[in-house]
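So the structure is just underneath, and the comments pick up after that.
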Amino acid sequence: MKVGGIQALRRWRAEQSGRVGLVPTMGALHSGHQALMTRARSESDLVVASIFVNPLQFGADEDFVQYPRPIEEDLKKCEEAGVDFVFAPALAEMYPSAPEVRVVAGRMGAVFEGAARPGHFDGVLTVVAKLFTLIAPDVTVFGLKDIQQFVLVKRMIADLNFDIELIGLPVVRDADGLAMSSRNSYLAPDDRARALAIPRALTAASEVAERGRATAEPSAGGGSSGSGGGTGAGLPDAVEAAALAELEPAAERGDLEIIYCSLVEAATLQPCPPDFTGSALLLVSATVGGTHLIDNLPLEF
């Protein structure tokens, strides 16, 4: 496994042939990242993992300086996952000066995480575009925990004509149900226990969606919508309400602060109307003990 910055990458890339897969990361790797690398390996002849903590996606009061950077541990995890080249550039290589030209995420980048973290997705898309240009991958693999990021990268690939296949891997969870995240290391044990309200909210929403679909199926030919929390035209509202029924009591106890909990259309990130049918996402974000956490649940109506 080779490790290097821009010049080493260019030399290595010029010598390679075959299909190249890219897994972009900011380091502080866990088994969820390794799952992305394993998938990239299955789709490619060669795998590049990037490790770069990108300052453009951090706000002034966020954790850019504190963000964990255990590079030696990260390199071991990359090697275990079969990575061929770890692109670990210095900050001055990626941004010799403050960039004047950036990718703008647009409307879909200004809602939810974009509203909570203004400019975040402009920074994400700018660095991802740079990685695509430098590495020229054939395929790239992203985790779906950061689902809004995935939707925006997909749109950028289409809008900017990158000839890259994008693959998304489902959320990887720890045994207690919490979505794996590098920022979970910030959580004290008590805070981690409080954070479990987030996966509980998603489970409650999933159960309501399943009951609603089961109730609606027999009446597809014109029967009644049934009872029990909302089916048919009211099901999207009932699903969102079920999640909030878990989160709001936790917020009232002071266990967490809800940033958003919203059911949206998967393709547009627009709120789902009561009669929505199709692919949707339940987006949840909360602060627990000062740590910003996100999660989501894909649903079909």
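Sequential numbering from 1 along the given sequence is applied to the chain's residues. All heavy atoms count here, side chains included; hydrogens, waters and symmetry mates do not.
Around CD of Glu93, the count of heavy atoms belonging to other residues, nucleotides or ligands within 6.0 Å exceeds 12. Residue Arg155 qualifies as open at atom CZ: its count of foreign heavy atoms under 6.0 Å is 12 or below. The environment of CG in Asp176 is crowded: more than 12 heavy-atom neighbours from other residues, nucleotides or ligands sit within 6.0 Å.
Hydrophobic cluster membership is shared by Val284 and Leu196, with clusters built from Ile, Leu, Val, Met, Phe, Trp and Tyr side chains linked at under 4.5 angstrom. Tracing side-chain contacts under 4.5 Å through hydrophobic residues (I, L, V, M, F, W, Y), one reaches Val128 starting from Leu144; they form part of the same cluster. Leu269 and Leu152 fall within the same hydrophobic cluster, where Ile, Leu, Val, Met, Phe, Trp and Tyr residues are linked whenever their side-chain heavy atoms come under 4.5 Å apart, directly or through other members. Ile198 and Ile259 sit in two unconnected hydrophobic clusters of ILVMFWY residues. Membership requires side-chain heavy atoms under 4.5 Å apart, directly or through other members. Both Ile147 and Val124 are members of a single hydrophobic cluster when ILVMFWY side chains are connected at heavy-atom separations under 4.5 Å.
Here the shortest heavy-atom pairing between Val239 and Ala205 reads O-CB, 3.6 Å. Here the shortest heavy-atom pairing between Leu235 and Gly212 reads CD1-CA, 3.9 Å. The minimum heavy-atom distance between Asn296 and Leu281, with the atom names listed, is OD1-CD2, 4.3 Å. The minimum heavy-atom distance linking Ala49 with Val83 is given by the pair N-CG1, 3.8 Å. Among all heavy-atom pairs drawn from Leu46 and Ser17, the shortest one is CD1-O, 3.7 Å. Shown here for Pro55 and Leu91, the closest heavy-atom pair between the two residues is CG-CD1, 3.5 Å.
Using a 4.5 Å heavy-atom cutoff, the side chains of Pro298 and Ser279 are not in contact. In this structure the side chain of Met180 reaches within 4.5 angstrom of the side chain of Val172, judged on heavy atoms. Considering only heavy atoms from C-beta on, Val264 comes within 4.5 Å of Phe112 through its side chain. Contact of the Phe132 side chain with the Ile157 side chain is registered, since non-hydrogen atoms from C-beta on lie closer than 4.5 Å. Taking the side chain as every heavy atom from C-beta outward, Arg13 and Val48 never approach each other to under 4.5 Å. For the pair Val86/Met1, a side-chain contact is recorded, criterion being any heavy-atom separation below 4.5 Å from C-beta on. Looking at heavy atoms from C-beta onward, Ser182 lies in side-chain contact with His33 at the 4.5 angstrom threshold. With contacts defined as side-chain heavy-atom distances shorter than 4.5 Å, the pair Glu165/Pro137 does not qualify.
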(Q) Between Leu282 and Cys261, does the side chain to side chain contact (heavy atoms under 4.5 Å, CB included) criterion hold? Intermediate values first, please. (A) CA-CA 7 Å; Leu282 180 62; Cys261 175; 4.2 Å; yes
Q.
As a quick check of understanding, evaluate side chain to side chain contact (heavy atoms under 4.5 Å, CB included) for Thr287 and Leu256, giving each step before the final call.
A. CA-CA 6 Å; Thr287 300; Leu256 53 78; over 6 Å; no
Q.
Please evaluate residues Phe87 and Ile6 with respect to the criterion side chain to side chain contact (heavy atoms under 4.5 Å, CB included), reporting the C-alpha separation (whole Å), side-chain torsions for both, the decisive distance (0.1 Å), and the verdict.
A. CA-CA 8 Å; Phe87 178 50; Ile6 290 177; 3.7 Å; yes
(Q) With side chain to side chain contact (heavy atoms under 4.5 Å, CB included) as the criterion, how do Val65 and Tyr67 come out once you've worked through the C-alpha distance, each side chain's angles and the decisive distance to 0.1 Å? (A) CA-CA 6 Å; Val65 173; Tyr67 197 86; over 6 Å; no
Q.
For a salt bridge (charged side-chain N to carboxylate O under 4.0 Å, His left out) check, start with the C-alpha distance between Arg192 and Asp174, then their side-chain angles and the critical distance, and finish with the verdict.
A. CA-CA 11 Å; Arg192 186 180 179 98; Asp174 283 319; 2.8 Å; yes
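Relative ring orientation between Phe142 and Phe150 is described as perpendicular, the plane-to-plane angle rising above 60° on a 0-90° scale split at 30° and 60°. By the 30° and 60° cut-offs, the orientation of the rings of Tyr95 relative to Phe52 is tilted.
Side-chain N or O atoms of Ser262 include none that pairs as donor or acceptor with a backbone N or O of Leu283 at under 3.5 Å. In this structure, the side chain of Ser44 does not engage the main chain of Arg41 through any donor-acceptor pair within 3.5 Å. No donor-acceptor distance shorter than 3.5 angstrom exists from the side chain of Glu252 to the backbone of Pro249, with no hydrogens or angles considered. Side-chain N or O atoms of Asp84 include one that pairs as donor or acceptor with a backbone N or O of Val47 at under 3.5 Å. At least one donor-acceptor pair under 3.5 Å links the side chain of Asn184 to the backbone N or O of Ala179. Ser42 places a side-chain N or O within donor-acceptor distance of the main-chain N or O of Arg39, the cut-off being under 3.5 Å. Side chain of His120 to backbone of Arg117: no donor-acceptor contact under 3.5 angstrom is found. At distances below 3.5 Å, at least one donor-acceptor pair connects side-chain atoms of Asp138 with backbone N or O atoms of Val20. Checked by atom type and distance alone, the side chain of Asp122 pairs as donor or acceptor with a backbone atom of Ala105 at under 3.5 Å. With hydrogens and angles ignored, the 3.5 Å screen pairs a side-chain donor or acceptor of Gln148 with a backbone N or O of Met108.
Going from atom OG1 of Thr133 over to atom NZ of Lys130 covers 8.5 Å, rounded to the nearest 0.5 Å. Here Arg10 contributes atom CZ and Ile135 contributes atom CD1; the two are 11.0 Å apart, rounded to the nearest 0.5 Å. Note that CG of Leu75 and CD1 of Ile51 are 5.5 Å apart. Values are rounded to the nearest 0.5 Å. How far CD of Glu257 is from CG of Leu247: 12.5 Å, rounded to the nearest 0.5 Å. The distance from the CD1 atom of Ile71 to the NZ atom of Lys76 is 12.0 Å, given to the nearest 0.5 Å. Interatomic distance, CD of Glu248 versus CZ of Arg253, reported as 12.0 Å (0.5 Å rounding).
One finds a salt bridge joining Glu210 and Arg213 here, because a Lys/Arg side-chain nitrogen approaches an Asp/Glu carboxylate oxygen to under 4.0 Å. One finds a salt bridge joining Asp295 and Arg173 here, because a Lys/Arg side-chain nitrogen approaches an Asp/Glu carboxylate oxygen to under 4.0 Å. Between Lys77 and Asp74 there is no salt bridge, since no side-chain nitrogen of the basic residue lies less than 4.0 Å from a carboxylate oxygen of the acidic one.
One side chain, Asp63 or Tyr186, offers a donor N or O that lies under 3.5 Å from an acceptor on the other. Glu113 and Tyr260 are linked by a side-chain donor-acceptor pair at a separation below 3.5 angstrom, with hydrogens and angles left out of the test.
A cation-pi arrangement is present between Arg69 and Phe64, with the terminal nitrogen or guanidinium carbon under 6.0 Å from the aromatic centre and inside a 45° cone about the axis.
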